[in-house]
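The next block holds one structure in the form of structure tokens; read it before the comments.
Letters A, B, ... mirror the listed sequences (proteins, then strands); counts begin at 1.
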There are 2 protein chains.
Amino acid sequence: MNIYDVAKLAGVSIATVSRVVNDSPRVSEKTKRRVLAIIEESDYTPNVFARGLGLDSMKTIGIMCPDISDEYMAHAVSHLEHRLRAYEYDCILYCSGYEQKNKEKSVNLLLAKRIDALVLVGSIYAGDGDDESETEYIRNAAKQIPVFMINGKIPGDNIYCGYCDDKQVTYEVTTELIRTGRKRILFLSDSYSYSANQKLEGYEEALRDAAYPVLGDLKLYTKNDIHYVRDMLLARKDLDFDSVVATDDGLAVGALKYAAARKITVPQDMCVVGYNDSALSVSCEPELTSVDNQVEKICNNIVDDMIKILQGSEDFEKEHSVPGKIIKRCTTDF
Amino acid sequence: MNIYDVAKLAGVSIATVSRVVNDSPRVSEKTKRRVLAIIEESDYTPNVFARGLGLDSMKTIGIMCPDISDEYMAHAVSHLEHRLRAYEYDCILYCSGYEQKNKEKSVNLLLAKRIDALVLVGSIYAGDGDDESETEYIRNAAKQIPVFMINGKIPGDNIYCGYCDDKQVTYEVTTELIRTGRKRILFLSDSYSYSANQKLEGYEEALRDAAYPVLGDLKLYTKNDIHYVRDMLLARKDLDFDSVVATDDGLAVGALKYAAARKITVPQDMCVVGYNDSALSVSCEPELTSVDNQVEKICNNIVDDMIKILQGSEDFEKEHSVPGKIIKRCTTDF
DNA sequence: ATGAAAGCGCTAACAT
DNA sequence: ATGTTAGCGCTTTCAT
């Protein structure tokens with residue numbers, strides 16, 4: 001059943017059917033009703049490929065993330081999908097993995113699909129900020145279609161960014177820890193991404209502002225695996241710390257497991273703060289104080305702006321920064 | 001840059017370019033090389049819409065799940081996406097929510113996209129097995145394209161199912177609990193889905209086989225929220241149980257929190273078994289014995305068969321059942 | 001081995 | 001208000 005069949009059945013031309021389907025005002029109420037009736041009873045659906053060919057768009061947004069089974073990214077994708085659906089856009093999902101080569105390849109495959117815009121979820125795509133060539137492929141993509149970053153920031157034409165102010169909130173967290181008497185705060189991270197670097201900056205600035213030394217020993221990079229972190233900490237007998245600022249809840253829970261193994265009481269003898277306010281944070285014992293980085297808000301902002309940009313409007317922000325929110329639970333005494 | 005431009009530059013017809021692009025053997029090695037060179041240096045990519053229009057396929061699979069922020073579904077989608085990518089299929093993702101109406105609407109929107117096949121993730125789509133009309137929209141979809149269920153089973157032409165043998169493994173878990181002396185086993189669930197019903201059957205059969213009574217009191221349906229479950233259990237002072245079989249880790253962790261609040265020692269005075277072997281199960285304390293329902297295996301099986309079906313091969317299974325695996329941790333004494 | 005041309009189903013410019 | 005028709009860029013059949 002195509003537009004010709006419908007036209008024939010309704011006794012009109014295909015142009016009229018097309019007008020009806022696209023809700024053009026240049027059709028009389030009467031014919032419109034007749035055509036609509038035929039469409040209804042014949043179960044006609046316009047061929048999206050033909051339409052795409054003509055308009056050079058299928059109203060599809062490419063969403064790329066390193067790993068959809070990561071809770072944070074899954075949440076981001078969930079919000080993006082919902083918001084985009086409200087605007088009648090579809091999402092095609094690419095999980096690129098974490099390797100540079102695959103990230104580049106995925107972007108190219110996605111571009112070949114003639115998507116209307118590209119969303120990159122995860123600060124991993126922003127690189128570590130040092131090496132420009134690392135993000136070259138993103139700037140190239142932006143030459144063809146608008147590119148949006150969730151939780152990442154890279155400069156460039158046609159690139160729009162939304163992120164949590166990780167530096168500020170990590171500064172606040174660290175400062176609270178200092179205020180409540182912590183002397184040796186361990187910074188625990190699992191990556192050198194843009195966002196991890198922001199968190200580190202906030203941590204260091206808080207230390208400096210409190211006239212604390214910034215010690216290399218107290219900055220640890222490890223694998224985001226609860227047991228791995230616990231065992232690693234257990235093995236590092238030289239390490240002396242009375243609190244932990246982690247860039248992810250998984251790392252924080254690992255620290256909690258370490259405390260349990262060493263019979264260290266939390267929060268009295270050790271404070272822990274996680275990041276992302278994930279399901280882990282209420283599953284562990286004691287329940288974890290964590291930072292909510294407002295991914296829903298970021299995603300909604302980005303989608304709303306994307307639609308405006310795709311419609312050619314000028315009324316949007318090139319960047320959105322939202323403040324993080326400290327969710328106080330039981331692993332801190334503030 | 002389109003096929004005409006490439007043809008002109010290479011001094012051949014568009015048919016030849018098309019043959020080269022599609023790796024047809026009916027092109028001389030020499031022209032092939034020349035055309036390939038032009039394609040390379042001009043960055044030509046075939047227009048997927050035009051190709052889709054001609055072939056009536058864009059090599060795209062529709063993946064639908066109620067909620068991608070659910071860990072289980074996120075994992076399923078992750079595995080599906082990876083496997084499909086290996087076969088050069090793209091995924092378009094729809095999150096339908098849990099309401100019947102939206103599920104039906106989402107399927108129809110997806111069908112209108114002229115996807116090559118549809119994957120339904122989550123036993124929620126299989127209904128509760130009682131009401132046929134609830135799954136009518138799926139059988140209708142199957143009239144147009146093959147439909148695949150991850151963790152669900154509904155009969156019908158062109159519908160293919162992959163699932164974990166939830167009944168069997170729940171039977172085993174319950175039997176172990178009985179063997180280790182548990183008398184009053186609470187069955188905790190959050191839905192009446194196909195899979196939840198299978199688990200219930202396994203639970204009941206185990207009780208019957210052990211000549212235990214099957215008590216209505218001990219079958220509880222609640223919300224999948226850790227604190228909610230804890231508080232609900234705390235409020236039900238009448239309830240007497242010495243172990244819990246939960247259909248999801250979140251529920252199980254809720255039971256654990258209840259035990260902690262009541263100072264009940266786990267596993268000595270109360271055993272708990274979760275389901276899905278999620279990140280929660282190693283985050284909580286003590287760590288949770290859980291059932292791994294082998295979602296990766298199910299997804300891979302389904303995708304492999306899907307490809308065969310799309311290629312017209314007959315060498316596939318209409319159904320895949322994989323056994324669940326009990327991951328023993330610290331909340332049981334078996 | 002290669003080319004010419006029909007056809008896929010739609011949108012939109014133009015004609016009436 | 002409605003119809004006619006030219007693309008959109010590809011695949012494929014049929015000639016050569």
Side-chain angles (χ1 to χ4, degrees), chain A residues 1-39 42-60 88 90 111-116 144 310-312, chain B residues 1-39 42-60 88 90 111-116 144-145 310-311:
Chain A
M1 178 64 62
N2 61 28
I3 200 171
Y4 293 94
D5 300 325
V6 174
K8 199 168 293 173
L9 286 172
V12 296
S13 74
I14 60 163
T16 300
V17 177
S18 177
R19 288 192 188 97
V20 170
V21 167
N22 293 291
D23 222 25
S24 156
R26 300 138 70 67
V27 192
S28 79
E29 203 49 51
K30 205 172 140 193
T31 35
K32 188 175 192 167
R33 263 201 305 280
R34 190 161 29 128
V35 172
L36 245 20
I38 300 288
I39 287 178
S42 67
D43 259 338
Y44 164 71
T45 333
N47 185 306
V48 285
F49 302 147
R51 185 179 261 173
L53 182 56
L55 302 178
D56 197 27
S57 158
M58 261 181 62
K59 291 198 75 169
T60 302
E88 300 186 297
D90 288 316
L111 288 178
K113 290 294 164 207
R114 306 211 177 224
I115 49 175
D116 297 307
Q144 298 186 38
L310 291 175
Q311 291 172 345
Chain B
M1 180 62 62
N2 61 29
I3 200 171
Y4 293 94
D5 300 325
V6 174
K8 199 167 293 172
L9 285 173
V12 296
S13 74
I14 60 163
T16 299
V17 176
S18 177
R19 288 192 187 99
V20 170
V21 167
N22 294 291
D23 222 24
S24 155
R26 300 139 69 66
V27 192
S28 78
E29 202 49 50
K30 205 173 142 194
T31 35
K32 188 174 192 168
R33 263 201 306 279
R34 194 172 31 173
V35 172
L36 244 21
I38 301 288
I39 288 178
S42 67
D43 259 336
Y44 163 72
T45 331
N47 184 306
V48 285
F49 302 147
R51 185 179 261 172
L53 183 56
L55 301 178
D56 197 28
S57 158
M58 261 181 61
K59 291 198 74 169
T60 303
E88 301 186 295
D90 288 315
L111 289 178
K113 290 294 163 205
R114 290 191 147 66
I115 49 174
D116 296 308
Q144 297 185 40
I145 49 170
L310 291 175
Q311 291 173 344

Spacing of B:Met58 atom CE relative to C:dG9 atom C1', expressed in whole Å: 15 Å
Point-to-point distance, once rounded to the nearest 0.5 Å, from OG1 of B:Thr31 to CZ of B:Arg19: 10.0 Å
Divergence of helical axes at both termini of the helix from C:dA1-D:dT16 to C:dT16-D:dA1 - five pairs an end, 10° steps: 40°
B:Lys113 NZ to B:Met58 CE distance, which is reported to the nearest 0.5 Å: 10.0 Å
Atom pair distance, as rounded to whole Å: CZ in B:Arg26 and P in D:dT16: 16 Å
Straight-line distance of B:Arg51 CZ to A:Phe49 CZ, nearest 0.5 Å: 12.5 Å
Gap separating the CD1 atom of B:Ile115 from the CG atom of B:Asp90, nearest 0.5 angstrom: 12.5 Å
Distance-minimising heavy-atom pair for A:Ala10 and A:Ile38: CB-CG1, 3.9 Å
side-chain N/O A:Ser28 vs D:dT2 OP1/OP2, d < 4.0 Å: yes
From CD1 (B:Ile3) to OG1 (B:Thr16), nearest 0.5 Å: 9.5 Å
Short side-chain N/O contact from A:Thr16 to OP1 or OP2 of D:dA1, under 4.0 Å: no
Shortest non-hydrogen separation from B:Lys59 to B:Glu88 and the atoms involved: CE-O, 3.6 Å
Atom pair CG (A:Leu55) and CZ (A:Arg114), whose distance is rounded to the nearest 0.5 Å: 13.5 Å
Give every pair of a protein N or O atom and an N or O atom of nucleotides 8-11 of chain D that lie under 3.5 Å apart, one pair per line with the distance.
residue, atom, partner, partner atom, Å
D:dG9, N2, B:Ala50, O, 3.4
D:dC10, OP1, B:Tyr44, OH, 2.6
D:dC10, OP1, B:Asn47, N, 3.1
D:dC10, OP2, B:Ile3, N, 2.4
D:dC10, N4, B:Tyr4, OH, 3.2
D:dT11, OP1, B:Asn22, OD1, 3.3
D:dT11, OP1, B:Asn22, ND2, 3.0
D:dT11, OP1, B:Arg51, NE, 2.8
D:dT11, OP1, B:Arg51, NH2, 3.0
D:dT11, OP2, B:Ser18, OG, 2.6
D:dT11, OP2, B:Asn22, ND2, 3.4

